[in-house]
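One structure is given below, encoded as structure tokens.
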Amino acid sequence: MPEAEDENTDAEDMPLSLRLSIADTLTLGNATCGFMAVYFTTTGILIPHLQGSQETGMARHSAATAVILMLLAAIFDLCDGLVARKLRSSPMGAELDNLSDLISFGLAPAYFVLVYGMVADDAHQRVSALAAIVVLLAVVLRLARFSCVTMKDGMFQGMPSPFGALTVVSIVLLELPFIPTLLAIIGVAWLMVSRVEYPKPRGVLAVAMLGWIVGAMGLLAAWAFDAPGGQVLLATGCALQVVLGAVIPLFATARRVNTFRDNRRVARAAQLP
């Protein structure tokens with residue numbers, strides 16, 4: 001019994017900043033998924049390519065697994081915010097979230113782009129490495145700005161890093177010619193550091209995003225196991241992800257222009273005698 005009492009005393013004396021909440025545990029799950037995505041990209045795609053393996057099935061399974069892990073990381077990232085609002089988060093919750101996002105939505109997709117540049121037939125390794133660095137730095141800058149800039153409630157400034165990461169890997173999986181792929185990836189990186197406003201996934205939007213992620217996992221599984229029409233389904237899902245990435249900024253810009261015009265009308269009406 002004295003030992004149990006000592007343990008309870010130690011737990012009570014532990015600084016609040018060192019106690020992990022449920023939300024923090026989900027955040028660590030996010031980081032773990034990001035690391036494992038890098039692992040599967042390396043062991044299942046890069047290493048067999050360097051060894052001269054002609055087994056395409058293994059590469060397909062590993063690519064699908066890596067992207068599914070990034071999708072799972074996005075689910076953890078979505079849920080930790082919801083749980084933190086409902087329950088609580090430790091004082092280091094925000095730092096854990098940024099560090100985990102950097103692994104899962106910065107390092108993992110950038111590494112995916114880098115490996116694509118090494119294994120694709122028409123890709124250029126050095127240019128792909130540069131594109132990967134651009135993606136990584138865009139996520140670093142976006143996460144740093146998120147910690148410093150206060151936005152109005154319910155909005156993000158710049159494309160959220162999970163959405164950006166999934167858009168980047170969707171562009172790669174579409175297997176377009178190298179130059180369009182490269183330009184599209186750089187475009188996504190620019191959107192992540194832009195001032196375009198994106199709505200935060202809350203309520204109905206959070207449920208819709210969760211459904212979209214689960215559906216994307218199903219498409220990847222169908223593609224990995226070479227199900228009938230799996231390639232077409234995957235290409236359709238990836239194309240929809242890219243279209244969403246392009247359309248949302250247009251709606252946000254149009255809304256911003258309309259708001260600016262409305263404010264000018266109100267200002268002019270107020271100046272009239």
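Every value quoted in this text rests on a predicted model; they were computed, and no experiment measured them.
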Identify every side-chain donor-acceptor pair in residues 235-249 under 3.5 Å, counting partners at least two apart or on other chains, and give the distances.
{"residue": "T236", "atom": "OG1", "partner": "V232", "partner atom": "O", "Å": "2.8"}
{"residue": "Q241", "atom": "OE1", "partner": "W212", "partner atom": "NE1", "Å": "2.8"}
{"residue": "Q241", "atom": "NE2", "partner": "T167", "partner atom": "OG1", "Å": "3.1"}

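- By the 4.5 Å side-chain criterion applied to Ile, Leu, Val, Met, Phe, Trp and Tyr, I103 is assigned to no cluster and stands alone.
- At distances below 3.5 Å, not a single donor-acceptor pair connects side-chain atoms of S53 with backbone N or O atoms of H49.
- Taking each heavy atom of N98 and L143 in turn, the nearest pair found is O-CD1, 3.5 Å.
- L219 and W223 fall into different hydrophobic clusters, where Ile, Leu, Val, Met, Phe, Trp and Tyr residues are linked whenever their side-chain heavy atoms come under 4.5 Å apart, directly or through other members.
- Under the 4.5 Å side-chain criterion, counting only non-hydrogen atoms from C-beta, L136 is in contact with L102.
- Partners of A227 according to the side chain to side chain contact (heavy atoms under 4.5 Å, CB included) rule, which considers only residues two or more places apart in sequence or in another chain, are A222.
- When every heavy atom of A189 is checked against every heavy atom of A138, the shortest pair comes out as O-CB, 3.5 Å.
- Aromatic ring orientation, Y198 versus F163: tilted (interplanar angle from 30° to 60°).
- Taking CG of L234 as the reference point, atom CG of L174 lies at 7.5 Å (rounded to 0.5 Å).
- Between S62 and T43, every side-chain heavy-atom pair lies at or beyond the 4.5 Å cut-off.
- Residues L71 and L166 form a side-chain contact, since some pair of their non-hydrogen atoms from C-beta on lies under 4.5 Å apart.
- When all heavy atoms are compared, the tightest approach of A37 to M70 is CB-CG, 4.1 Å.
- Judged as a ring pair (Phe, Tyr, Trp, His ring centres under 6.0 Å), not a single pair has a partner in residues 65-86 (not counting sequence neighbours).
- Take L183 and apply the side chain to side chain contact (heavy atoms under 4.5 Å, CB included) test, not counting sequence neighbours, and it matches I179.
- Of the candidates L173, T65, L233, L173 is the only one forming a side chain to side chain contact (heavy atoms under 4.5 Å, CB included) with L220.
- In this structure D101 satisfies the side chain to side chain donor-acceptor pair (under 3.5 Å) test together with N30, sequence neighbours excluded.
- By the side chain to side chain donor-acceptor pair (under 3.5 Å) test, E175 is found to be paired with no residue, residues two or more places apart in sequence or in another chain being considered.
- Side-chain contact between M159 and V196 is absent, with no heavy atoms from C-beta onward closer than 4.5 Å.
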Problem - Stepwise side chain to side chain contact (heavy atoms under 4.5 Å, CB included) check, L137 with V193 - result: CA-CA 9 Å; L137 293 182; V193 297; over 6 Å; no

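- Among all heavy-atom pairs drawn from A221 and I68, the shortest one is N-CD1, 4.4 Å.
- Residue L176 is grouped with residue V127 when hydrophobic side chains (ILVMFWY) are merged at heavy-atom distances under 4.5 angstrom, including chains of intermediate members.
- Annotation: E95, atom CD; neighbour count of heavy atoms from other residues, nucleotides and ligands within 6.0 Å does not exceed 12.
- Clustering ILVMFWY residues whenever any of their side-chain heavy atoms sit less than 4.5 angstrom apart, transitively, puts V134 in a cluster other than the one holding V168.
- The heavy-atom pair separating R145 from Q157 by the smallest distance is NH2-O, 2.9 Å.
- One hydrophobic cluster holds both I171 and L182 under the rule that ILVMFWY side chains link at heavy-atom gaps under 4.5 Å.
- Listed by chain and residue number, P201, I213 satisfy the side chain to side chain contact (heavy atoms under 4.5 Å, CB included) test with M209 (two or more places apart in sequence, or in another chain).
- In this structure, L99 shares a hydrophobic cluster with no other residue, the cluster being traced through Ile, Leu, Val, Met, Phe, Trp and Tyr side chains under 4.5 angstrom apart.
- To the nearest 0.5 Å, atom CG of residue D77 and atom OG of residue S100 are 8.5 Å apart.
- Here the shortest heavy-atom pairing between S104 and P109 reads O-CD, 3.3 Å.
- Listed by first and then second residue, the ring pair (Phe, Tyr, Trp, His ring centres under 6.0 Å) pairs involving residues 90-126 are H124-F178 (not counting sequence neighbours).
- M217 is listed as a side-chain neighbour of I75, based on a closest heavy-atom distance under 4.5 Å.
- The structure places OG of S128 at 12.0 Å from CZ of R126, a figure rounded to the nearest 0.5 Å.
- As a member of the Ile/Leu/Val/Met/Phe/Trp/Tyr network built from side-chain separations under 4.5 Å, F40 groups with F35, M36, Y39, L69.
- In this structure, L107 is a member of the same hydrophobic cluster as L114, with clusters built from ILVMFWY side-chain heavy atoms closer than 4.5 Å.
- Annotation: side chain of R60 is not in contact with side chain of F225 (no heavy-atom distance under 4.5 Å).
- In the hydrophobic clustering, where aliphatic and aromatic side chains (Ile, Leu, Val, Met, Phe, Trp, Tyr) are joined below 4.5 Å either directly or transitively, I47 stands alone.
- Within the 4.5 Å cutoff, the side chain of E197 has no heavy atoms near those of the F156 side chain.
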